[in-house]
Amino acid sequence: MRYDYGHGEARVNAERKRDAEKVLKRNGRTYSDLIRDLTDYLADTGELPEFERLTLSLIQERERGKKQELIQRFADRNLPEAEGDLSDEEILAQARMERFGERDETAV
């Protein structure tokens, strides 16, 4: 579902909206009331409401955990032993030569 609130828009899953409307109705509120209250809170305080700060904190912590897991996975990988005294550039050149054969560097 899509709502136009003055100059802003909100996209809301229809099923989630119905569930939320039940809660709002039980408390004598509407979506318009909620959006108006949130807008006033943001404008008056210049801050996010506590529930939104907590949500963002949880999301950031989850993302941090995913990144740490990925870093750990790479850190735990077994790397091949270095071969000889070749530099990375020399190894790349050697691999290219094996794969593509000799090339005329003057040809463009």
> Can you name the salt bridge (Lys or Arg N to Asp or Glu O under 4.0 Å) partners of Arg16, sequence neighbours left out?
Replying inline: none
>> Just to verify, what does Thr39 make a side chain to side chain contact (heavy atoms under 4.5 Å, CB included) with, not counting sequence neighbours?
In response: Ile35
>> Under 4.5 Å side-chain heavy-atom separation, chaining through any Ile, Leu, Val, Met, Phe, Trp or Tyr, what else clusters with Phe74? Say none if it is isolated.
In response: Leu70
Pairs under 3.5 angstrom only: tabulate donor-acceptor contacts from the side chains of residues 40-53 to other protein residues two or more places apart or in another chain.
| residue | atom | partner | partner atom | Å |
| --- | --- | --- | --- | --- |
| Thr45 | OG1 | Tyr41 | O | 2.7 |
| Thr45 | OG1 | Glu47 | N | 3.1 |
| Thr45 | OG1 | Glu47 | O | 3.3 |
| Glu50 | OE1 | Arg53 | NE | 3.4 |
| Glu50 | OE1 | Arg53 | NH2 | 2.5 |
| Arg53 | NH1 | Leu48 | O | 2.4 |

>> I'd like to know if the side chain of Glu98 reaches the main chain of Ala95, judged simply by a donor and an acceptor atom lying under 3.5 Å from each other, with no hydrogens or angles considered.
In response: no
>> Tell me every residue that passes side-chain hydrogen bond (donor to acceptor under 3.5 Å, both in side chains) with Gln60, counting only those two or more places apart in sequence or in another chain.
In response: none
> Shared ILVMFWY cluster between Leu38 and Leu24, side chains joined below 4.5 angstrom?
Replying inline: no
> Who are the salt bridge (Lys or Arg N to Asp or Glu O under 4.0 Å) partners of Glu61, not counting sequence neighbours?
Replying inline: Arg64
>> Using 0.5 Å steps for rounding, measure from the CG atom of Leu86 to the CG atom of Leu92.
In response: 11.0 Å
> For Arg99, what residues pass the side-chain hydrogen bond (donor to acceptor under 3.5 Å, both in side chains) criterion, not counting sequence neighbours?
Replying inline: none
>> Suppose we screen for side-chain hydrogen bond (donor to acceptor under 3.5 Å, both in side chains). Which residues come up paired with Asp33, at least two apart in sequence or across chains?
In response: Thr30, Arg36
> Listed by chain and number, what are the side-chain hydrogen bond (donor to acceptor under 3.5 Å, both in side chains) partners of Gln94, not counting sequence neighbours?
Replying inline: none
> With sequence neighbours left out, which residue pairs that include part of residues 67-77 fulfil the side chain to side chain donor-acceptor pair (under 3.5 Å) condition?
Replying inline: Gln72-Asp76
> Can you name the residues that form a side chain to side chain contact (heavy atoms under 4.5 Å, CB included) with Asn78, not counting sequence neighbours?
Replying inline: none
> For Lys66, which residues count as a side chain to side chain contact (heavy atoms under 4.5 Å, CB included) partner, sequence neighbours excluded?
Replying inline: Arg62, Glu63
